[in-house]
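Input: a single structure, listed below in structure tokens.
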Amino acid sequence: MTARRLRTVTAAIAAACALSTVPAAAAPADIGTCTPAAAHRVPVVLLHGTMDDAAAWNELAPQLRSAGFCAYAPTYGVTGSLLGLGGLAPVARSATEVAEYISRVRAATGAEQVDIVGHSQGGTIAAYYAKVLGQAARVRSAILLAPVSHGTSLGGVVGLADAVPGLRGALDSAVLPLFCAACADLETGSAFMNALASGPIAQPGVRYAVLATRDDTVSTPPGTASFIDEPGVTNLFAQELNPAPVSHQGLPRDGAVRDWILQQLAETP
């Protein structure tokens with residue numbers, strides 16, 4: 001392999017991952033005192049995506065609280081490699097971190113279960129938490145925005161790396177871990193994704209709703225990478241709610257998407 005080819009593919013992977021980055025802003029309140037409305041006793045945990053943080057939910061969290069929900073948004077997976085952004089650590093490690101956070105939410109609220117709203121990697125972690133970590137009994141609903149359910153092709157970059165003998169292995173083991181180990185975990189065919197996608201993803205007793213966008217350039221191919229085609233799972237494109245374009249990183253902030261999330265929470269028994 002040539003040094004030029006290595007630089008080209010590395011830059012392409014970094015650019016594809018960086019498409020999920022959004023400017024940081026003040027995050028919603030962490031675990032603290034909250035009194036939910038009588039109809040909304042189950043706390044809502046909001047999980048951001050790769051190269052992001054809790055600020056992804058700055059529009060949704062106040063909307064949830066105004067509707068009577070108690071919403072909690074951690075920043076997980078911080079490694080210090082990219083200005084304090086989250087969602088960079090190995091996904092299994094981040095999932096364990098999220099599991100501990102959910103335990104804290106449950107202890108603080110006295111709730112047996114939580115509703116999880118996850119964007120991108122956050123949706124992947126929600127599915128992994130319920131299935132692989134065996135915590136389905138702790139989840140009432142999983143509302144997932146463009147999750148990586150079956151691995152992402154990163155817009156064809158993974159295929160490009162596979163085409164060069166030894167290149168993908170070198171990138172995943174030696175290059176990506178320097179700044180985004182999670183990016184390697186979320187690729188199609190990774191050991192992490194194979195563990196999640198082996199057998200049914202949806203777990204008994206959990207209500208799943210998945211929303212993708214046709215404009216996605218991160219969880220790719222759009223829809224195919226995200227949808228959980230299993231009995232009882234709702235799979236929908238954002239364009240079926242509103243035909244306007246919405247990017248992968250814009251999903252948590254989109255008004256029609258936020259209204260859909262509240263509808264899904266309200267419809268969960």
| Is Leu133 reachable from Val139 through a run of hydrophobic residues whose side-chain heavy atoms are each under 4.5 Å from the next? | yes
Look only at the side chain of [X] and the backbone of [Y], and say whether a donor-acceptor pair between them is shorter than 3.5 Å.
X      : Y      : result
Tyr208 : Glu230 : no
Thr96  : Ala92  : yes
Thr124 : Val148 : yes
Ser149 : Phe227 : no
Lys131 : Ala126 : no
Arg258 : Arg253 : yes
Thr152 : Val218 : yes
Ser190 : Asp185 : yes
Glu97  : Gly77  : yes

| Taking His119 as the fixed residue, which of Ile143, Leu145, Thr50 is the one that meets the side chain to side chain contact (heavy atoms under 4.5 Å, CB included) rule? | Leu145
| Aromatic contact, Phe192 with Tyr128 (centres under 6.0 Å) | yes
Within a strict 4.5 Å, meaning less than it, do heavy atoms of the [X] and [Y] side chains meet?
X      : Y      : result
Cys34  : Thr109 : no
Leu85  : Val78  : no
Val114 : Tyr72  : no
Val45  : Leu47  : yes
Pro252 : Glu59  : no
Ile228 : Leu144 : yes
Leu236 : Trp260 : yes

Testing the basics here: between [X] and [Y], what is the closest heavy-atom pair and its distance to 0.1 Å?
X      : Y      : answer
Tyr76  : Gly122 : OH-N, 3.4 Å
Ser153 : Thr188 : N-OG1, 3.6 Å
Leu211 : Ala238 : CD1-N, 3.7 Å
Gly87  : His48  : N-CE1, 3.6 Å
Ile201 : Ala127 : CG2-CB, 3.9 Å
Ser226 : Ala212 : CB-CB, 4.4 Å

Answer yes if the side chains of [X] and [Y] hold a donor-acceptor pair under 3.5 Å, and no otherwise.
X      : Y      : value
Ser120 : His248 : yes
Arg207 : Gln264 : yes
Asp115 : Ser141 : yes
Gln63  : Asp259 : yes

| field | Charged N-O contact under 4.0 Å between Glu112 and Arg138 | value | yes
| message | Show every side chain to side chain donor-acceptor pair (under 3.5 Å) that has at least one partner inside residues 235-244, sequence neighbours left out. | response | Thr213-Gln239, Asp215-Gln239
| query | Could you give the distance from CG (Leu64) to SG (Cys70), rounded to the nearest 0.5 Å? | reply | 10.0 Å
